[in-house]
Amino acid sequence: MKKRYWLLTVVSLVLLLVLGACGSPAQGSSQDSKKIKIGILQLMNQTALDDARKGFIAELAKAGYKDGKNISIHYVNAQNDQANLKSMSEELAKDKNTVNLAIATPAAQALLQADKDTPQLFTAITDPVEAKLVTSLQHPGGNVTGTSDLVPVSGQIKLLHELFPKAKTIGLLYNAAEPNSLVQVKMAKAAIAKLGLKSTSLTVASTNDVSQAMTSLAGKADAIYVPADNVVATAMATVGKISAEKKVPVVPAASTMVPAGGIATNGIDYEKLGAQTAQMAIKIIKGKKASAIPVQLPKDITLVVNKKLAKVFKIDPAQVVNDAK
């Protein structure tokens with residue numbers, strides 16, 4: 001009887017353990033989903049940056065990681081203020097998050113300076129190597145990786161030239177304080193020179209400078225190229241208004257800048273770029289090191305044409321060719 005009682009006790013304990021295991025998170029997951037915390041630091045309100053954030057959060061939800069349910073997302077926006085970038089980066093560092101996301105170069109630089117322990121992702125950055133965020137695209141090193149929004153600038157300049165072959169002087173409007181813009185302008189100048197054209201440029205420090213600078217540049221250039229510059233992008237409606245008034249077309253680098261005032265571009269969908277970044281975040285959540293994930297470039301480049309401005313400049317949208325290379 002004692003032996004039988006002992007066997008029944010053992011069987012009961014085994015059943016309890018099995019049932020307990022069925023009701024617990026799988027052993028294969030790297031951490032309890034209730035403990036997953038994600039921090040997001042965005043440089044400022046700007047359509048491309050907003051879209052990247054929305055795409056990131058939507059893709060996480062699509063994969064089952066929903067804010068307020070099984071993950072917690074702490075989102076902060078620096079409103080393009082350096083003091084805010086510093087304090088908010090320090091705030092996210094104290095959170096001890098599973099992974100942090102920085103949107104735009106200054107945000108990524110500030111976050112990395114404040115926190116080298118938390119795995120970090122970035123997006124909406126043109127050249128992460130030049131920004132000293134990673135050692136190389138293939139082997140990021142450190143604890144940082146992410147997605148670049150770099151689209152071949154030479155292809156965009158070629159598109160401008162094909163649309164407006166009579167344009168001999170190409171204007172460049174950008175904020176010299178933005179590393180992304182400096183990289184793109186350097187590429188643009190090289191592409192312009194290769195076509196045997198001239199370039200002239202003006203810089204802006206804030207959106208308040210855009211109207212005057214754009215008006216001045218329109219008086220010197222036959223057409224204007226604008227990099228994926230956060231300051232200019234925020235004031236793109238002003239750029240578009242002056243472009244139409246002065247009859248000087250603008251080809252911007254980002255597709256999100258076209259509807260507000262650009263004639264056309266070969267650009268990317270920033271929501272899709274954010275989704276790409278989220279897929280990298282999921283790998284980190286599951287235990288992969290950020291340093292082992294190569295930096296990714298945009299997967300899709302799409303031709304975007306502003307039909308309203310196409311009429312102003314007498315361009316047939318159907319004749320515009322996607323020439324991204």
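All values reported here derive from a predicted model rather than from experimental measurement.
- Residues Leu163 and Tyr225 share a hydrophobic cluster, clusters being chains of Ile/Leu/Val/Met/Phe/Trp/Tyr side chains in contact below 4.5 Å.
- There is a path of hydrophobic side-chain contacts, each under 4.5 Å, that joins Phe313 to Leu197.
- With hydrogens and angles disregarded, no donor-acceptor distance shorter than 3.5 Å links the side chain of Thr265 to the backbone of Val251.
- Within the 3.5 Å criterion, the main-chain N or O of Ala177 finds no donor-acceptor partner in the side chain of Ser181.
- Hydrophobic clustering keeps Leu159 apart from Val258 (ILVMFWY residues linked when any side-chain heavy atoms are closer than 4.5 Å, directly or through intermediates).
- Summarising the geometry, atom NE2 belonging to His74 is positioned 11.0 Å from atom CG belonging to Asp67; distances are rounded to the nearest 0.5 Å.
- The main-chain N or O of Asp95 is found under 3.5 Å from a side-chain atom of Lys37 such that the two form a donor-acceptor pair.
- Note: Ser291 OG to His139 NE2 = 11.0 Å, rounded to the nearest 0.5 Å.
- No salt bridge links Glu90 with Lys94; every basic N to acidic carboxylate O contact stays at or beyond 4.0 Å.
- Scanning all heavy atoms of the two residues, the minimum distance from Thr256 to Ala48 falls at OG1-CB, 3.5 Å.
- For the pair Gln120 (side chain) and Lys116 (backbone), a donor-acceptor distance under 3.5 Å is absent.
- Here the closest heavy-atom approach between residue Gly64 and residue Asn70 is recorded as O-ND2, 2.6 Å.
- Nearest heavy-atom pair across Ala264 and Pro252 is O-CD, 3.5 Å.
- Interatomic distance, CD1 of Ile284 versus CG of Leu121, reported as 4.0 Å (0.5 Å rounding).
- For the residue pair Ile170 and Ala221, the shortest heavy atom distance occurs at C-CB, 4.2 Å.
- A continuous path of hydrophobic side-chain contacts links Ile71 to Val76 [ILVMFWY only; heavy atoms under 4.5 Å].
- A side-chain N or O of Asp50 and one of Gln42 form a donor-acceptor pair less than 3.5 Å apart.
- The main-chain N or O of Tyr174 is never found under 3.5 Å from a side-chain atom of Asp229 such that the two would form a donor-acceptor pair.
- Counting only distance, with no hydrogens or angles, the side chain of Asp222 and the backbone of Lys168 share a donor-acceptor pair below 3.5 Å.
- Side chain of Thr207 to main chain of Ala235: no donor-acceptor pair is present (N/O by atom type, distance under 3.5 Å, no hydrogens or angles).
- Clustering of Ile, Leu, Val, Met, Phe, Trp and Tyr by side-chain heavy atoms under 4.5 Å joins Met214 with Leu173, Leu202, Val204, Val210, Leu217, Ile224, Val226, Val231, Val232, Met236, Val239, Ile242, Val248, Val250, Met257.
- Between Thr118 and Asn97, the side chains place no donor N or O within less than 3.5 Å of an acceptor N or O (distance only, hydrogens not considered).
- A 6.0 Å sphere centred on CD of Gln82 holds no more than 12 heavy atoms belonging to other residues, nucleotides or ligands.
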**Item:** Residues Asn77, Asn45; criterion side-chain hydrogen bond (donor to acceptor under 3.5 Å, both in side chains); working and verdict
**Value:** CA-CA 8 Å; Asn77 189 315; Asn45 290 325; 2.9 Å; yes

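- Shortest non-hydrogen contact noted between Leu160 and Ala223 is CD2-CB, 3.9 Å.
- Listed for the Gln296 side chain is no donor-acceptor partner under 3.5 Å among the backbone atoms of Ser148.
- Each of Leu172, Thr169, Val185 was evaluated against Ser199; a single residue qualifies, Leu172, per the side-chain contact (heavy atoms from CB on, under 4.5 Å) test.
- For the atom pair Asn306 CG and Lys308 NZ, the distance stands at 8.0 Å (nearest 0.5 Å).
- Residues Ile263 and Val305 are not in side-chain contact: their nearest non-hydrogen atoms beyond the backbone lie 4.5 Å or more apart.
- Residues Ile40 and Ile57 form a side-chain contact, since some pair of their non-hydrogen atoms from C-beta on lies under 4.5 Å apart.
- When hydrophobic clusters are built by joining Ile, Leu, Val, Met, Phe, Trp and Tyr residues whose side-chain heavy atoms come closer than 4.5 Å, directly or via intermediates, Met280 is not grouped with Val134.
- Counting all heavy atoms, side chain and backbone alike, Thr203 lies closest to Ala176 at CG2-CB, 4.0 Å.
- A distance of 10.0 Å separates OH of Tyr65 from OG1 of Thr98, quoted to the nearest 0.5 Å.
- With respect to Phe122, the side-chain contact (heavy atoms from CB on, under 4.5 Å) criterion is satisfied by exactly one of Leu112, Thr147, Val295: Val295.
- Checked by atom type and distance alone, the side chain of Asp81 pairs as donor or acceptor with a backbone atom of Asn84 at under 3.5 Å.
- Between the Gln156 side chain and the Ala253 main chain, a donor and an acceptor come within less than 3.5 Å of each other.
- With 3.5 Å as the limit, one finds a donor-acceptor pair spanning the side chains of Thr126 and Asp149.
- Within a 6.0 Å sphere centred on CD of Gln79, heavy atoms belonging to other residues, nucleotides or ligands number more than 12.
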